[in-house]
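Structure first, then comments.
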Number of protein chains: 2
Amino acid sequence: MSLPHALLTSLLEKASSGYELARRFERSIGYFWKATHQQIYRELGRMEAKGWIAVTSEGPDRRSRKKVYHVLEAGRQALREWVSEPSHPMEPREDLMVKLRADAIIGPSGVEDELERRLALHRDLLADYRAIEARDFSRPKLAREDVIRYLILRCGIALEETYIAWSEEALATLRSPATEIFGEATKPGASSTKQDGK
Amino acid sequence: MSLPHALLTSLLEKASSGYELARRFERSIGYFWKATHQQIYRELGRMEAKGWIAVTSEGPDRRSRKKVYHVLEAGRQALREWVSEPSHPMEPREDLMVKLRADAIIGPSGVEDELERRLALHRDLLADYRAIEARDFSRPKLAREDVIRYLILRCGIALEETYIAWSEEALATLRSPATEIFGEATKPGASSTKQDGK
DNA sequence: AGGCATTATGCAACCAGTTGCAATACGGTC
DNA sequence: GACCGTATTGCAACTGGTTGCATAATGCCT
């Protein structure tokens with residue numbers, strides 16, 4: 001459960017309203033931690049109750065209903081603790097792989113289309129990342145903060161490149177006649193357990 | 001929601017009990033779709049109610065309470081449909097990246113330890129994958145099913161290699177004195193928004 | 001015979017995330 | 001002045017996943 005900490009981080013970067021955060025969570029931090037406005041409003045309420053954040057009432061923002069939050073010392077402390085605590089990586093949920101494995105067992109099923117779709121998504125994402133890289137990190141000397149942010153971005157870039165390369169290979173393999181013909185030809189030899197109610 | 005379909009796939013590969021599936025979901029399919037025994041039992045119940053699967057009552061398994069399920073035609077059909085439907089990739093939830101970004105904004109916090117821990121996990125995973133590769137896919141000619149399974153495995157391998165390379169780079173960067181000294185030195189120049197309740 | 005690990009199944013409560021809906025305010029357009 | 005897009009906040013219901021607990025049979029060790 002690290003949504004609150006993602007929000008704290010985002011609020012430390014810039015004090016914001018729930019609405020602004022929601023939009024920030026579609027890009028920026030959203031590239032590695034997505035959240036809907038619902039989750040955000042709810043969590044902001046909880047964090048305010050816990051004394052981690054508070055509404056900035058001063059300023060010319062009282063005309064609208066907009067509530068700009070900022071991080072309190074307790075929140076900063078909570079974030080610091082959370083960062084230094086060990087945590088488990090997320091359990092993987094790769095439905096594409098399930099689909100591929102299903103295809104392997106039930107036979108050709110059109111997964112290639114899905115693969116193609118995902119490949120396009122990865123290419124788009126990589127293009128986004130490259131644009132951010134050119135815009136924010138092409139200067140020669142970066143401050144510590146930016147070095148780290150660039151590190152995060154490079155992780156995304158490397159991952160997308162990996163996905164793209166793999167997807168292309170996968171598509172080529174699935175579409176190669178060898179997979180079809182040869183696969184069918186040697187199928188009887190494979191250990192295929194079929195059990196079906198009539 | 002693809003747990004039921006992951007279960008169908010696994011049951012098509014081999015008719016099994018909930019318990020066996022639960023163990024299978026710690027390795028094998030579990031490498032890309034994790035599920036606890038609770039989820040599995042519940043889902044098996046639902047799928048049985050929907051007529052997707054049924055208990056194989058025949059055989060010498062009636063002595064114990066063990067319930068071995070197999071896939072019915074309706075289940076196979078449901079799986080086939082699901083595979084050919086477009087689906088959304090999972091939203092990312094990378095708490096490590098959140099931690100790094102938090103570190104970037106609140107200053108050195110000991111993320112390196114976490115990075116090191118994750119790196120070790122990735123190395124272990126890669127070793128598992130390599131072992132599977134050597135055990136199952138070193139033969140020269142693979143049937144279609146195995147070609148696909150190997151493809152899935154190679155995705156895992158490529159991803160883990162990417163994570164490992166990136167983690168090493170990240171650790172080197174975070175620990176290099178340049179990041180520390182130079183980062184601190186140029187910090188005042190960066191656009192750091194600080195807002196804090198006293 | 002008693003104890004313990006493993007196999008095997010399941011309920012109940014909870015928590016995080018998703019979906020659908022709703023309301024109000026602001027600013028511009030036809 | 002009615003209409004529309006978008007900013008802005010929020011409730012309620014639901015679903016999928018997690019955690020803690022309960023139970024019973026099997027088989028092995030001592």
Problem set entry | Length of the CG-P vector between B:L44 and D:dG17, whole Å | 14 Å
Exercise. Would you say the side-chain atoms of A:R24 and A:S10 include a donor-acceptor pair closer than 3.5 Å?
Worked result: yes
Exercise. Given atom CD of A:E43 and atom C1' of D:dT9, what is their separation to the nearest angstrom?
Worked result: 16 Å
Seminar exercise, completed: Rounded to whole Å, the CG-P distance (A:D95 to D:dG17) equals 12 Å
Exercise. What string of B, S and - do you get for nucleotides 7-14 of chain C, 5' to 3', when a contact is any protein heavy atom under 4.0 Å?
Worked result: BBBBB---
Exercise. Any side-chain N or O of B:Q39 under 4.0 Å from OP1/OP2 of D:dT18?
Worked result: yes
Exercise. Separation of A:L7 atom CG from C:dG17 atom P, in whole Å?
Worked result: 10 Å
For this session: Using the test side-chain contact (heavy atoms from CB on, under 4.5 Å), find all partners of B:P89 that sit at least two apart in sequence or belong to another chain.
Result: A:R118, A:L121
Exercise. Taking the six-membered ring for Trp, are A:Y19 and A:Y41 ring centroids under 6.0 Å apart?
Worked result: no
Exercise. Within this structure, what is the CZ-to-P distance between B:F25 and D:dG16, rounded to whole angstrom?
Worked result: 15 Å
Problem set entry | Over-ring placement of B:R154 relative to B:Y150, 6.0 Å and 45° cut-offs | yes
Seminar exercise, completed: A:H5 NE2 to C:dA16 C1', in whole Å, measures 14 Å
For this session: Mind calculating the distance between NZ (A:K34) and C1' (C:dA16) to the nearest angstrom?
Result: 17 Å
Exercise. Cut-off 3.5 Å, side chains only: do A:S87 and B:K99 have a donor facing an acceptor?
Worked result: yes
For this session: Send over the distance from B:L3 CG to C:dG17 P, rounded to a whole Å.
Result: 18 Å
For this session: Could you check if a side-chain atom of B:R93 sits within less than 4.5 angstrom of a side-chain atom of A:K34, using non-hydrogen atoms only?
Result: yes
